[in-house]
Every structure is written in structure tokens, then in C-alpha cells.
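Heads up: the structure comes next, in C-alpha cells.
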Amino acid sequence: MKRYTNTELKLKNSFFIKRLPFLSVFSIIMLWEALVRILKIPSYILPGPYEVGMSLFESRKIILSHTVVTSTEAILGFILSTITGLALAFVMNRWKTVKSILYPLLVISQTIPIIALAPLILIWMGVGVLPKIMVVVLVCFFPICVSTTEGLQSADPDMINLMKVMGADHLKIFREVVLPSALPQFFSGLKIAATYSIMGAVIGEWLGAKSGLGIYMTRTMSSYRTDLLFASIVVVVVTSIFLFMIIEIIEKLIIPWNRVKDIKGDDVK
Amino acid sequence: MKRYTNTELKLKNSFFIKRLPFLSVFSIIMLWEALVRILKIPSYILPGPYEVGMSLFESRKIILSHTVVTSTEAILGFILSTITGLALAFVMNRWKTVKSILYPLLVISQTIPIIALAPLILIWMGVGVLPKIMVVVLVCFFPICVSTTEGLQSADPDMINLMKVMGADHLKIFREVVLPSALPQFFSGLKIAATYSIMGAVIGEWLGAKSGLGIYMTRTMSSYRTDLLFASIVVVVVTSIFLFMIIEIIEKLIIPWNRVKDIKGDDVK
Amino acid sequence: STNQNKDGGTGQDTKTPDKIIFTLDWAPNTNHTGIYAAKAKGFFEEEGLDVEIIQPGQNTADQLVASGNAQFGIGYQEGVTLARLEGLPIVSIAAVIQHNTSAFAAPKSKNINTPKDFEGKKYAGWGSPIEEATLKALMDKYNADINEVTILTTGATDFFATTEKDADFAWIYYGWDGIASKIKNKPISYIMLKDEDKALDYYTPVITAGEKTISENPDLVKRFLRAAAKGYDYAAQNPEGAANILLSNAPELDSALVIESQKWLSPKYKDDAPVWGLQKKEVWEEYTKWLYDRKLIDEMLDVDKAFTNDFLPEK
Amino acid sequence: MGPKIEISNLHKSFYRDGVTLDVLKDINMKVYDGEFVSVIGPSGCGKSTIFNIICNLSSGYTGNISIDGVDLKSSKKRMAYMHQKDLLMPWKNLKDNISLPLEIQGMDKKEAYEKIYEMLPVFGLEGFENAYTFELSGGMKQRAALLRTFLIDSDIMLLDEPFGALDAINRDKMQLWLLSIWEKFKRSVLFITHSIDEAIFLSDRIYVLSDRPATVKLGLSIDIERPRNKGHITSSRFNEYKALLFNTLE
Amino acid sequence: MGPKIEISNLHKSFYRDGVTLDVLKDINMKVYDGEFVSVIGPSGCGKSTIFNIICNLSSGYTGNISIDGVDLKSSKKRMAYMHQKDLLMPWKNLKDNISLPLEIQGMDKKEAYEKIYEMLPVFGLEGFENAYTFELSGGMKQRAALLRTFLIDSDIMLLDEPFGALDAINRDKMQLWLLSIWEKFKRSVLFITHSIDEAIFLSDRIYVLSDRPATVKLGLSIDIERPRNKGHITSSRFNEYKALLFNTLE
Ligand SMILES: Nc1ncnc2c1ncn2[C@@H]1O[C@H](COP(=O)(O)OP(=O)(O)OP(=O)(O)O)[C@@H](O)[C@H]1O
Ligand SMILES: Nc1ncnc2c1ncn2[C@@H]1O[C@H](COP(=O)(O)OP(=O)(O)OP(=O)(O)O)[C@@H](O)[C@H]1O
Ligand SMILES: Cc1ncc(C[n+]2csc(CCO)c2C)c(N)n1
Ligand SMILES: [Mg+2]
Ligand SMILES: [Mg+2]
């Protein structure tokens, strides 16, 4: 019966652990509300969560319409980043020359403060959806490409050699050895990118736009509606986390051996 | 003599490869200049590299003084991020509870578009050096902490078990097994953070400041001096790459076994 | 395609409307009401125009107009002056407000009543060189030293946020931040620019267009201004209606502020001018000279190229 | 004095995809102080699993295990455990890999190196002090791991196929070396091997495990005098043992 | 017809920290079509290095190697190579790990699985089709790697200590299995082992290598009739060979 108890304990434990993030977020929210009430912080300096929630509810229609705009930009940019990031990582892994040409340019692209270029980006690309997608790509592309590149390098050279001796062609070696070795790091890149994508779109809107959460935020601020500003930040955070979790679910589906490894220490599932 | 030729070839090859990045950057600059001249692009839309270089030279004193401000903020923030990022990664690795509490908050911190909070940050923290450092930390902390956390997890559990059986305490296991396994990923996090740090400081200045490259850029742009804007972007890029390379050198010194691994395929050094 | 719909009437023909991008200078406010009104009331549509109003990042509007990415936008006389001197081909085609309603303002508690009081204080601005120049000129007049002022750049951050912590004073439009101070019951002291020097009663904000748009499509400019003028006339006559139009386009704005601001500003769009938007050459000349005399610019602006009344609808 | 290691009624199962894989079934074993005990059994029957349990690395078992009379669960005893994989650290060169247990035990680096340098020739590793693992052959890695295990300061040694990757000559050499140090220090040794000869030659007692789920099929005392030498291998008693073990295994 | 594999005057050195480590020195070997040739030699002498070179995985050598009469450098021949490490992929379960060569050769998955399922019992791996590598014992991994190697469609097999982690019984079983498939398909086999018995029992010819730098100390033809069975091991000829090899090694 000892084993059974053991299992039960573990289950309880993981039940608790799984809910901890919610608990921690929840307690921070409570703390924040308490702080605002006790210190009587004026709403334009820091609105309490209750007030933010109410404002969010009241303005839900407007905020939703802006969110749709921003999410679309973010998702388009994210998909584009994934495709190009992957493609480039493959190419750089395959041809070292390409890598030594492009890698420094990649790093440079990350050091440029985009907002500094705001006016110029608009001049070059107009005020449509294009510059927003470009900002998202600029922000998301790098983590994806870099992690994938490093993942591709992590493949065991002995395994690659074995595949060669077996007569596998480049594509096969890639699919069977290099790619699976790279997947965990590819996904951690994807998750970082997902985290950044909505923020990237918001910054893109900052450059100039007619709608989107970025625009909405500047407006709420210039009309001293800090509560609405926070409401839109909440939306940004929630949407980003939603994206993040989708990637995490896909990861769990695609990398089953990692999941199996997780329970390595546990003999009792 | 065959072997000798082989070595020579490899050397030549790496000589070429090492210079490729410079070549590629150089050719992009040439292309850019050609483009600007042939299409007669007006300077306010896209100044040519020659013009940018001249403006940079002429305003070098002012730009230098702003660069010092920005670099100081960036480096302070970077150091702070490294310390806190490492510390948090360790703590999260050691106590899973802490991890499940803090990790989600970490992710949330990355999804918040800082510029949206600009006015509030100004209200909360003023226009001193503090908010800039905070932005740098916000930008740099995440990659360092996440990569280190993942690096710490990559340690071979069998090795850790062996250490336990040998009677090693937590600290020893950490130092001898967990840390070395994490170092490569820790450094890739550091490099990403170094890439972002100057940009972070520039964005921090955007929130409000009296000097620094971010301020200088706003001013050049409001005085319609696109050439000077580009000059300051060049400075940002060069400074960031400089930081990046410093980290890379430190990495080479600290992780010698990775260097050894590099030449695994080569029997002839 | 250019829509040769000249009768200004109904725009009922089958031709597709011309797409126009109009760029604001700042978050939507009562300076922009006429444009929103023209859009909401269908004045643009009548002219065969499909106007998209965008809000750019800071310091971007002039560049967008100069490069032709936006056909029209909001600018300021001093911006047009500096931009033209740097070679940006933009032209002021209408004055939104006849007189300068901007002021240097500070919370009452800061005790800033004359430019002399700027000494030892912190100014928060959006990063234009004209700010420091204007401050210097004003302070020189009072024998105060500009070097005693710390100049902070806080971008498009609003007046109350900036003066909450570090900064002491900022440059505002009275019709917006000044009214806000009343509504929020946060008294301010302010120094109106136009009271300090006659030359400072210049046009701000103005509507700008690119030289290329003007020379290649004068008809478009005419149609645009005809609709915009109707919009501002509407706003002048119906402050409440105009305020509501602005509010429906930017619902997050504080409605009390918009209504009060609109009431204050509506009479000032046209003011003493025979028609809305008219710009006087003397105003441009005086301001340029004022700048030049104080060595704030290196050469005089050719004012005839910098503004035009040619496209305003004649009464 | 009671046994050094006492295993009673040990059961262990793994669970996978909802299927239970019974690995150990009612295992009883004893190792007395200073005794050399071998475990042989078919590949995959659960030998390494027993070691893992004794080392406190696996907890989902039933039954009782005591070390020095103390229940395993509350014992914090250090053991000289040699894993079936070499588990050398790629970021350490040979000398640092080997000196690891000495360092853990608090010896300073210089002294540790000196101690190791004495031993390297015995293990055929001299001249490779600074080599990283990828520069070593399979057998060299195994010898390094064995040397490292030997340096762990414990009176219990658990060796999981320590000579699996060695050629006959080196294997003989290492066997003799192991016997000599065992006779000198009288540590208690539990030894997994798949060579019947090796088991007989080295052990005081041999446990033969059955196929999975492993049960103890036979516990055999080896009555050959010590110190032993290769001459014993041809003795008739040796061959009797050999035949018995071979038959038990089949 | 010339030899399947011909190695002449093979030299190979490694460089580290400016020091040269000579590993192979004037190695000459031949493997004829359908021949079973073993290589024995001290641990660390360079056996695995020879395999690496034959597989075209190492280029910094001097000397000539030809496969089927074609120079190695220009040959693209697929070989059934079994590495000393198991090199199973942690992201594949057992059946997918094993079916890899079949897939590479273009067989479809279902057919491949069927083929494998037939073989699993022979290798004692039935019931572990879906197990990931960490769920397998050391010997099971080695057997899986051997089965995978066997499925590589090539008339040359290079086996680097394929039975190193197996117990006596399983080892005998695998040896007999290897002989039977070899007799059936007549592949040319080059076989590294450190068991003299195993080498004699299996081979047509045995090369004995010296300590590093490795030279060929002896090339011995084994004149024991085929098919062989365990009975041969006790023959006097077998023991003569054994003594000769043992002495050469020492
Ligand atoms: N972590 C695990 N999860 C699931 N099954 C496991 C795990 N570890 C071992 N097994 C199974 O337990 C059985 C015994 O494994 P163990 O490694 O103890 O065998 P062994 O006797 O050491 O074999 P060998 O001589 O081949 O090393 C094997 O069938 C293996 O598949
Ligand atoms: N990549 C390498 N770099 C440097 N030295 C190496 C490398 N690979 C092998 N060596 C050295 O070459 C020698 C021969 O190694 P090899 O692996 O061929 O030995 P082996 O005969 O297979 O030994 P074992 O039976 O122990 O597996 C060893 O001394 C080893 O240290
Ligand atoms: C609603 C609003 N718009 C613009 C400004 C900034 N500002 C104040 S004065 C001026 C131009 C003077 O010619 C500018 C751009 C503001 N504070 N509030
Ligand atoms: Mg085992
Ligand atoms: Mg070997």
C-alpha cells in the first residue's frame, strides 16, 4: 500500500504545483488592490485591479476591436518569423558560408532600436499593416532563428556519422537526427517569440496606425484614462500568454520523448 | 605531404570565413551608397553611408557624450540583469515551487509593451537613471534567466545521481555538474542580452531623459536631421556588437571544453 | 486615378473615391475636430475622398507628408519652417487656429509666473530644437539664463504625467491641457506665447501638404480643403455636435474635457479671419525674422513657398 | 555483526503506457563485511536496477534494505558506485574527472593529482591526464571510471560490469588489481558481471538471477582459497562451479 | 576477384596540445568476399579508429584503402556499421530506432515493422517495441543496435564489440545467430572483440594488433570446419589457437 500512498502524494503535489502560478498571479492582484486602497493611490497614478476590471468590462467592445487588429498583425508576423527563421537557420546550418555572412547582420538587426526608426519605417513602408508585421518579424525572428541554429548544432556528430554510413542522404539525416535534436531549442525560441509577438505589434502600431491596441493605449493615456491603459495591458498580457500556451501544447504533442523523459525519475506514474 | 596540404586548405578556408562578415557588411554599405546615389534618394528619406559617416565625424563630440550616458545605463542594467537572472535561475532550479510561482510572472513581464507605460514610469520613477536601468533589466533579464534555467535542466540526471552517491552536497553537485552543463546556454542568453542592452537603454531614454542616445535621436528627428539619426544608430550598433564580442571572448575563456569539441571532427588542428 | 469631381456636390458618380491618408500630430484632440467632423458628416465623401486618419509616433507627421506617404497632415508653423530649411518639401496649406493658443505652463505650486522663473527649473518637451530656442528667446528678454534650465525630453507624454514627478513646466495648448487643468481641478499658471511677443502669435497647428501633391494634384488639395473647411465650420458652429463626433472616433477620451475644450476652441478656429484657414504673410515673415534675429536659424525662410492660401475655398 | 548490506523481499515494477513491467520479485541478498559478492543474470533481468535501489536512486519499491543495519531510507551512506555507463564529464579532462571523489572528500587538488598520477600507469592511462573524454577509447573510459570509483572513500563498492569494455589482457590485469586492493582494504564488494569465469575467480559468493522478473535462482559460495591467481582457473573445482552456474543460467 | 576490403600501409595520428599521438602504424589488412575476420588488440590501441577510417568518417590518415577494388575516397558504399556506443536515438522508440535503416532504404513503415517484429524475439526484445532508450538495460540497447545494424543492406558488416554488454547465455545465443545469418547471406564481416574465444569461434581469420601505435602483430587463419557449434570450443585445435593468441597479445 506504500506505493499507492506514494502515488497519491505525488498527484496531490502536482495538483498543487499546477495551480501555483494562478495562485501567485492571484495574490499579486490582491496585493495590488490592497496597496491601492490602503495608500489611496489616485487612479491616474495606479488604478486598482477592480477598477481596471470594471473599465475593461465597460469598454470591452472597443478594446476587442482593437485587439483583433493587433492580434492579426502579431500572428501574421509570428508565422512569417517562424517560416523565415526556420528557413534561415536551416540554410545557415547547411552552408557555413551563408552563416558567416548572415549571422552578423542578424545580430545587428537586433541592436537597432526600432522606435528610433519609426518615421523612416513609415516613410519606407507606408502606414498600412506592413510595417507592423515587419516590427513583429524583427522582434520574433531572432530568437527563433538563433535557438534553432543552436539546436541544429547540438546533434550528436556520431549519430550523424552513423546515418551517413547507413547511406542516408542529407534530407534523411536532417529529418531523423538533426531536426529532432533541434526541436526542444526550436520550441523554446518559438515560446520566446510568442511572448514578444503581441508586444511587437503594439510597438509597430506606435510607429503610426489608425487602430490597434498600441493606438488605443496612447489615446487612453493622453486622456488620462490610466484605468483603460491598464485594461489594454491586461489584454496584451492575456493574449500573449494565450499564444505562449498554444505553442506549449503543440510542443507537448510534437516532442513526446521529452514528456517521457520528464517522468524519468518517477518509477510510479 | 597530403596532410600538410589538408591543413593549409583548412587554414585558408577559415581565414576566408573569418573575414566574410566584414565583407558582407562592407558590401551592404557599398550597395546602400550606390542605391542612394543612383536613385537620388533625398537625405531625409535615406541618407547614404558617406553622408552618415561625415555627419558622425562632425558631431562626434556630442554623440560621444550621449553614448557614454547610454552605455553606462546599458552596462549597469546588463550587470544587474546577469546577477538577478542567474540568481533567479538558480533558485528556480533548486526549488520547483519558486519556479512555478515566478516563471509565469517572468513571462508576463515580457509581454508588457514598456513604451505603453512610459508616462506612468515617468510618474513612478521620474526621469533619472533608474527607469532606464529598469528597462534594460526588463529586456535583458528574461533571456539570461530563461536560457540559464533551461541549461540547468539539461544536466544528465545519471551524473547528478552519481555525485549524490559519492556524497557530494548540493553545492558541489551544482558546481561540478549542473553549472558546467548550463554554461553554454547561459552564455547564449548573455549574448542575446548583450545584443539587447544598448537598445534597452535607448528605449528607456525614450520614456524621458535629459541626455543619452535615445534623446539625441528624438532631437535629430525633430530637427529633420536623418543623417544624424543614422549616425547615432551606427553608434548603437557598434557599441552593442562590441559588448557582444566581449561576452564571446569571455565564453571562449571559460568554456574550454566547448572549444575542444569544436575541432572534434578535425584530426589535424 | 484622379477624380475630377469638381462640382463639390454630391459625388454620386460611379468613380471610386481617391484614397487619402491624413496624419495627426498627436493623440486625437480638439485641434483635429474639423477633420473628424468632415469625415463623419460625409464632407470628404462628397468630394470623392476616402480619408484614412492615422496617428503616427512622435515627430513623424512632417516626414510622412514630405515623403508623400500621407497626402496631408497636421503640422506647426515652426515645424514647417525648420523642415523646409532642412530640405523637406512640405507646405502649410491652412491654419487650423488663427492665433497661437500655446503656452508654457506649470502646476500652480511651482510658482512659475514669468520666463524669469524658468531658471533652476526642469522643462519637459518632445525634443524639437525649437523648444530650447523659444525658451532662450523668452528668457533673454527677461535677462534670465537658459543654461539654468534643465531640458528633459519626454516625447508625447502628457502635461500632467510629466509634471507629476521630475519636470516643472511644459509647453501646452491651452485649449487642451489648460482646459483639462480646470476639469481635473489642478490649477496651473501659464504664460501664453502670443502675449510675450507679437511675432510669436504664429500659426499652430496648421494643415500641411507635400509639394509633390500640390504640384501634381492641385485639384485634390482643393477638394480636401473644401471638405476640411466645412468640417471646421461645422465644429465652429456646433461645439457639442463636434465634440461628440470626436468622442465617437476616440471613445476613450474624457468626454467632459472634450466638450469643454471644444466649447473653448470652437470660436477660435476662424476667429478674426474672413475664412477659416487663411494665413497672413506677415505672420510667417515676422516669425522667420524673429527666429533669424535671435540666431535661432541660419537663413531666412522663403515664406512664399512655405505656405499658401491658393487652395482655400473662396467665400 | 550483521551483514553490511541486507536486502529482503525486494519487489520493483516499472509502469509504462498503463502496462506494468515487473522487474524484481522477492529478491533476498546479503553482503557481509569484507565479502566479495557477484551478481550474474540474463541481460535486462534487473541487475542494474538493484544497484540503483541500493544507492537510494529509486524509491518506488517494496521490501526492506538495510546498510550496516540501518534502514536504507534513513541512511546517508556514501558508496563507491560504478555505473554501467562511464559517466565521465565532457567538461573535465581525465585527471579532473578521476580526482572528483577526492575533491568531494575535501582533499586539495595538488595532493589529489599526486595520488592519481601514481595510479595512472596501473590503469594504462598515463600520458592522457589532460585528454577530454572524446579523445579516449571505450576501454580507456571504463578504466577511468573504475579508477574514479576506487577513489571514493567507502567500505562498500558497487561495480556494474566494470570490465565490460576491456580486452582479455587488460581484463585479467584489472581483475588481479581489483583482488589485490580488495584483499588489502577488505571492502565489501557487490559486483555485476556477465562473465561466469570472472564471477567465480573473484567472488566469495555468487547470486544467480533468473530472467525478468528476477528472482534469486541460486546463491553459491565459492570455496577457493585466497589469495587467488590465474592458476586457479584450471582447477577442477573451478570447472565444477562453472558448469553449475552455466546450467543454472540456462 | 580481389579482396572486399584492402588496407595497405595505413598510418594515423592524433594531435593534441601540440603533441602527436601515433595510433596506427603501417596497418595492412584484407577481408575477402564472404569472409569473417576479427580484430583483437589491447584496449585503446586503435581498433575503433580503423573502423572509423573504413567508414570514411576520418580523413587525416596516410595509406591506401580500397573497398571492392575502388579507392575509399571515391567510394560511396553503404556499410553495416555498428558503433561501440549504441547510438540509439532518444526521440525514437525501439521499433523506430531499429527500422531506421529499412526506412532509409525506402521500405514503407508497415512492412518494416512486420520485418522487425519477426526478429524481436530472437533478440529478446519482444514487448519493448514502444520503449524509449532510457527504459532499456545496457544489454538490451546493445542488442537493439545489433539488430539495427543487421538490417542495413550491405555486404560488408563492421561490428565494434557488438556483444560487450551481454551475459554469457545471451552472448552465445547472439554468436550462434550471427554465424547462422552470416552463413546464409555470406556477408563480409570485420569484427572487433576482446574475447579471444569469441574471435576464434566466429572467424575465418584473426588480426592481432599490438599496443598503441598499433601494428599487425599476427594474422591467423582459423582452420575449423563450418558450420561451427559450441562443441568446437573444447577441441584441441581451438585451445592451440587460444594459447597462440594469448601469447601474442601478451
Ligand atoms: N527507467 C525505466 N523505466 C522503465 N523500465 C525500465 C527502466 N529502467 C530499467 N527498466 C527495465 O527494467 C529491466 C531491468 O533493467 P536493468 O537495467 O536493471 O537490467 P540489467 O540486469 O542491468 O541488464 P544488462 O545486463 O543488460 O545491463 C529492463 O527490462 C528494462 O527495460
Ligand atoms: N578524436 C580523438 N582525438 C584524440 N585522440 C583520440 C581520438 N579518438 C581516439 N583517440 C585516441 O586514439 C587511441 C585509439 O582509440 P580507439 O578508440 O581506436 O581504441 P580501441 O582500440 O577501439 O580501444 P577500446 O578497445 O578501448 O575501444 C586512443 O589512445 C585514444 O585516446
Ligand atoms: C494636444 C497637444 N498637442 C500637442 C502638444 C505639444 N505641443 C505643445 S505646443 C506645440 C506646438 C507649438 O507650436 C506642441 C507640439 C500638446 N502638449 N498637446
Ligand atoms: Mg545493467
Ligand atoms: Mg574501441
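Lettering follows sequence order; numbering is per chain, from 1.
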Item to check | Contact origin within B/L105 toward chain A - heavy atom pairs under 4.5 Å | outcome: side chain
Checklist entry - Do any of residues 200-208 of chain B have a heavy atom less than 4.5 Å from a heavy atom of chain A, and if so, which, in residue order? => result B/V202, B/I203, B/W206
Next on the checklist: So, taking the atom named CD1 in A/I63 and the one named NE2 in A/H66, what distance separates them when rounded to the nearest 0.5 Å?
Outcome noted: 8.5 Å
Checklist outcome for this item: One should read off an interatomic distance between A/S43 OG and A/D227 CG, to the nearest 0.5 angstrom, of 5.0 Å
Next on the checklist: Walk me through whether B/K99 and B/N93 qualify under side chain to side chain contact (heavy atoms under 4.5 Å, CB included).
Outcome noted: CA-CA 7 Å; B/K99 182 168 177 182; B/N93 182 57; over 6 Å; no
Checklist entry - For B/I115, is it the side chain, the backbone, both or neither that has a heavy atom under 4.5 Å from a heavy atom of chain A? => result both
Item to check | B/T226 versus chain A, the contacting section by heavy-atom distance below 4.5 Å | outcome: side chain
Item to check | B/L228 side chain near B/Y216 side chain, heavy-atom distance below 4.5 Å | outcome: yes
Item to check | Side chain proximity check, A/M199 to A/S240, heavy atoms < 4.5 angstrom | outcome: no
Next on the checklist: Report which part of A/P104 has an atom under 4.5 Å of a heavy atom belonging to chain B: side chain, backbone, both, or neither.
Outcome noted: side chain
Checklist outcome for this item: Answer key: most heavy-atom pairs under 4.5 Å with chain B among A/N161, A/T195, A/L117, A/T239 is A/T195
Checklist entry - What are the residues of residues 185-193 of chain B, in order of number, with any heavy atom under 4.5 angstrom from a heavy atom of chain A? => result B/S188, B/I192
Checklist entry - Do side-chain atoms of B/W124 reach the backbone of B/P131 as a donor and acceptor pair under 3.5 angstrom? => result no
Checklist entry - Of all heavy-atom pairs between B/G48 and B/W32, which one has the smallest distance, and what is that distance? => result CA-NE1, 4.0 Å
Item to check | Gap between atom OG of A/S24 and atom CZ of A/F26 - 0.5 Å precision | outcome: 11.5 Å
Checklist entry - When heavy-atom pairs shorter than 4.5 Å are enumerated against chain B, which of A/V25, A/V236, A/I45, A/L213 gives the highest number? => result A/I45
Next on the checklist: With a 4.5 angstrom heavy-atom cut-off, is it the side chain or the backbone of A/E150 that approaches chain B, or both, or neither?
Outcome noted: side chain
Checklist entry - Highest number of heavy-atom pairs under 4.5 Å with chain A: which of B/V146, B/L46, B/L120, B/I233? => result B/L120
Checklist entry - Is a side-chain donor or acceptor of A/Q110 paired with a backbone partner of A/L138 at a separation under 3.5 angstrom? => result yes
Next on the checklist: If I measure from the heavy atoms of chain B, does A/I101 come under 4.5 Å with its side chain, its backbone, both, or neither?
Outcome noted: both
Checklist entry - Is there a donor-acceptor pair under 3.5 Å between the side chain of B/T220 and the backbone N or O of B/M217? => result yes
Checklist entry - With a 4.5 angstrom heavy-atom cut-off, which part of B/I123 approaches chain A: side chain, backbone, both or neither? => result side chain
Next on the checklist: Let's test your reading of the structure: which of A/V238, A/V107, A/I241 forms the most heavy-atom pairs below 4.5 Å with chain B?
Outcome noted: A/V107
Checklist outcome for this item: The side-chain contact (heavy atoms from CB on, under 4.5 Å) partners of A/S197 (sequence neighbours excluded) come to A/A74, A/F78, A/V136, A/C140, A/L243
Next on the checklist: Between B/I114, B/V237, B/V234, B/I112, who has the most heavy-atom pairs with chain A when the cutoff is under 4.5 Å?
Outcome noted: B/V237
Item to check | Residue part contacting chain B, namely of A/L229, when any heavy atom lies under 4.5 Å | outcome: side chain
Checklist entry - Tell me, do B/I173 and B/K164 make a side-chain contact under 4.5 Å, heavy atoms counted? => result yes
Next on the checklist: Do A/L106 and A/F141 make a side-chain contact, defined as non-hydrogen atoms from C-beta onward lying under 4.5 Å apart?
Outcome noted: yes
Checklist entry - Non-hydrogen atoms of chain A under 4.5 Å away: do they reach the side chain of B/I28, the backbone, both or neither? => result side chain
Checklist outcome for this item: Residues passing the ring pair (Phe, Tyr, Trp, His ring centres under 6.0 Å) test with A/F142, sequence neighbours excluded, are none
Checklist outcome for this item: d(A/Y196 OH, A/I144 CD1) to nearest 0.5 Å is 12.0 Å
Checklist entry - Taking all non-hydrogen atoms of both residues, which atom of A/T218 and which atom of A/I215 are closest, and how far apart? => result OG1-O, 2.6 Å
